[in-house]
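What follows is a short report on a single structure.
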Amino acid sequence: MAVRNNQRIIIHLDYDCFYASVFEVEQPALKSLPLAVQQKQIVVTCNYTARRQGLHKLQLISDAKRICPDVVIVLGEDLTKFRDASKYLFLFVRSFIWGARVEKLGFDELFLDVTEMIEYNVGLLNAHDLATSFFHLDRKDPTVGFAYDATTFQGSTQPAGGKLGNLHKPNSQTTLLPSSITTENGAASNVLEFLDAHEIQKIPGIGSRLAQKLRAQVVGPDTVDEKVTVRDVRQYPGMGPALLEKALGGPGSAKGIGMRIWNILHGVDNTDVLEGRDVPTQISIEDSYTRLETLESVRRELVILSRSLIRRMRTDLLEKNDGNAAHGRWIAHPRTLRLSTRPRPPPGSETARVYSANRISRSVPLPLFIFNLDENLDALAERLVRDSLLSMFRKLHPEKSGWNLSLLNIAVINMVESAGDQKQSSGRDIGKMFRQQETVLQDWTVREPSPHRSTGMALEDNPEMGDSLWEEGEEDDLGLSVVDCVVCGASIPHFAQLAHAMYHAADSEYENG
DNA sequence: GAGTGCTAG
DNA sequence: CGTTCTAGCACTC
């Protein structure tokens with residue numbers, strides 16, 4: 001839960017080891033076994049049972065098997081089920097967040113702007129009976145919500161000494177008490193203290209490239225592997241927005257980056273939470289290869305990718321009318337087709353190349369026949385390759401052969417939503433989803449005749465949620481977080497926690513407990 | 001609009 | 001060390 005903006009209250013949700021959790025939900029027996037999800041020769045993620053035995057993300061499959069011979073390995077190259085789960089969770093969460101300010105980041109993270117919900121609930125707190133408070137999820141129906149104790153923080157507090165003590169429960173949350181945000185008499189704030197100890201690249205918004213440049217600035221260009229903390233950067237002589245702009249700016253970098261990073265290093269991020277879209281702004285599909293040498297093999301792979309891409313377009317861009325995909329209406333039209341390849345880096349290239357570089361691409365207007373629903377997938381895919389992709393490929397790689405490609409990617413981009421469509425739409429199985437949501441919401445509804453306070457069922461007591469996708473947090477998942485929050489069965493009470501924190505901040509007597 | 005680069009998980 | 005399969009935005013031309 002992070003304050004990304006002075007006026008707004010933002011919750012940051014993170015579904016941990018997402019791919020592995022999706023498999024565990026399908027097969028609960030997997031939970032107690034070491035489970036790794038494989039893409040190519042890599043463990044892309046693994047569950048906590050596996051992590052306890054020494055496995056980790058981005059590990060070679062061969063290493064994983066050596067370290068943990070009993071590891072259960074499942075293939076995760078087909079992202080369909082992960083995409084579906086991600087979409088389901090996004091729509092589910094958004095359905096009860098007032099104002100729909102829910103921003104998606106990748107498959108497994110969400111930012112929620114809960115300002116209005118918190119302010120409403122803080123306004124309803126009873127100062128004389130905080131222990132039996134009730135958090136409202138619905139302005140219209142006062143019985144929808146959950147009971148909570150507004151005299152305690154959930155989990156750890158920083159500085160320690162909050163009423164509950166230091167327990168890292170539930171789910172490894174830590175609360176940076178709100179008083180710590182404002183510094184008095186020049187004393188170092190808790191937020192700075194918290195950030196200062198961390199490596200720069202752990203800070204959201206500072207990726208490999210910026211971290212590299214910052215390290216070069218602070219410890220010199222040739223000792224780039226040295227660990228550099230936020231403190232090292234902030235306390236570097238002459239450091240400030242201007243120096244950062246000089247160190248990080250240049251061709252291709254965003255304007256004002258110096259000020260933006262300076263703010264981030266102080267725990268300030270003023271970017272708004274964007275409304276999540278119902279239609280993606282691009283759809284892409286790719287595969288990587290150890291050898292792709294003949295034009296015929298390239299052609300074959302392009303057909304396979306095209307088939308997936310058109311199938312994705314039909315799932316994500318077609319209006320759903322009771323499963324009859326053949327007669328849907330396009331809710332958005334991508335205008336552009338892009339083909340990207342990645343030539344394999346020369347064998348001797350030793351420099352720690354930043355991954356995802358080296359891609360080259362060509363784009364053309366997307367041919368309209370691709371929207372034809374009467375023609376079958378295979379025929380459309382063949383036609384797309386023959387009419388568009390092969391000539392694009394020849395422009396990318398004019399040489400007859402010897403390309404040594406490690407990757408092919410095709411994408412439809414430049415999405416234009418159909419007029420009069422707007423929100424609503426998207427998502428497969430929406431009907432099913434909201435039926436499930438109803439079931440869940442029922443468990444949050446107080447059933448006693450006298451609705452307010454007392455005996456509402458808290459989320460922790462809800463076995464359905466306890467069994468959900470949402471998993472325990474990891475300590476290395478660092479956020480600019482006031483509460484390092486993961487989505488889990490107990491996540492909703494975190495709203496309550498924040499309401500509590502704000503209540504005390506307003507009274508400026510939070511420390512007595 | 002086309003293409004590149006950087007961010008994120 | 002990099003190794004996957006995405007997705008979005010900023011920038012240049």
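These numbers come from a predicted model, not from an experiment.
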| query | Does a side-chain heavy-atom distance below 4.5 Å link A:Glu275 with A:Glu103? | reply | no
| A:Ile257 CD1 to B:dC6 P: how many Å, rounded? | 10 Å
| said: At less than 4.0 Å, is any side-chain N or O atom of A:Ser361 found next to OP1 or OP2 of B:dT4? Yes or no. | reply: yes
| message | If the cut-off is 4.0 Å, is A:Asn414 near the phosphate of B:dG1, judged by side-chain N/O to OP1 or OP2? | response | yes
| said: Please classify the nucleic acid contact of A:Asp287 as base, sugar-phosphate, or nothing, using heavy-atom distances under 4.0 Å. | reply: sugar-phosphate
| Presence of A:Ser284 side-chain N/O under 4.0 Å of C:dT6 phosphate oxygens OP1/OP2 | no
| request: Could you say whether A:Leu60 or A:Pro280 is positioned toward the 5' end of DNA chain C, judged by the nucleotide with the nearest heavy atom to each? | output: A:Leu60
| Partners meeting salt bridge (charged side-chain N to carboxylate O under 4.0 Å, His left out) with A:Lys40 (sequence neighbours left out) | A:Glu77, A:Asp287
| request: State which of C:dT3, C:dT4, B:dT7 makes the closest approach to the side chain of A:Arg209. | output: B:dT7
| message | Please determine whether a side-chain nitrogen of the Lys or Arg among A:Glu286 and A:Arg342 lies less than 4.0 Å from a carboxylate oxygen of the Asp or Glu. | response | no
| Taking the side chain of A:Arg312 as its heavy atoms from C-beta onward, which of C:dT4, C:dA7, C:dC5 lies nearest to it? | C:dA7
| field | For atom CZ of A:Arg359 and atom C1' of B:dT4, their distance in whole Å | value | 12 Å
| 5′-ward residue of the pair A:Gln59/A:Gln282 relative to DNA chain C | A:Gln59
| task | For A:Leu58, answer base if it contacts any base atom (sugar-phosphate contacts may also be present), sugar-phosphate if it contacts only those atoms, and nothing otherwise; contact means non-hydrogen atoms under 4.0 Å. | result | base
| Parallel, tilted or perpendicular for A:Tyr19 and A:Phe82, by the 30°/60° rule? | parallel
| said: In this structure, how many angstroms lie between the P atom of B:dT4 and the CZ atom of A:Arg342, rounded? | reply: 15 Å
| Is A:Pro334 close to A:Leu317 at the side-chain level, that is, under 4.5 Å between some pair of heavy atoms? | yes
| message | Can you see if the side chain of A:Thr336 gets near the phosphate of B:dG1 - specifically, an N or O under 4.0 Å from OP1 or OP2? | response | no
| query | Quick one: is A:Lys40 getting a side-chain N or O under 4.0 Å of the C:dC5 phosphate, OP1 or OP2? | reply | yes
| said: Under 4.0 Å from OP1 or OP2 of B:dA2: is there any side-chain N or O of A:Arg335 that close? | reply: no
| Quick one: A:Leu105 CG to C:dG8 C1', roughly how many Å, whole number? | 9 Å
| query | Within this structure, what is the CG-to-C1' distance between A:Asp108 and C:dG8, rounded to whole angstrom? | reply | 15 Å
| Whole-Å distance between B:dG9 C1' and A:Phe107 CZ? | 10 Å
| query | Would one find a side-chain N or O of A:Arg83 under 4.0 angstrom from OP1 or OP2 of C:dT6? | reply | yes
| query | Which pairs, with at least one residue in residues 256-282 of chain A and sequence neighbours excluded, count as a ring pair (Phe, Tyr, Trp, His ring centres under 6.0 Å)? | reply | A:Trp262-A:His266
| query | Taking CD from A:Glu109 and C1' from B:dT7, how many angstroms apart are they, rounded to a whole number? | reply | 12 Å
| Could you state the CD1-P distance from A:Ile42 to C:dC5, rounded to the nearest angstrom? | 10 Å
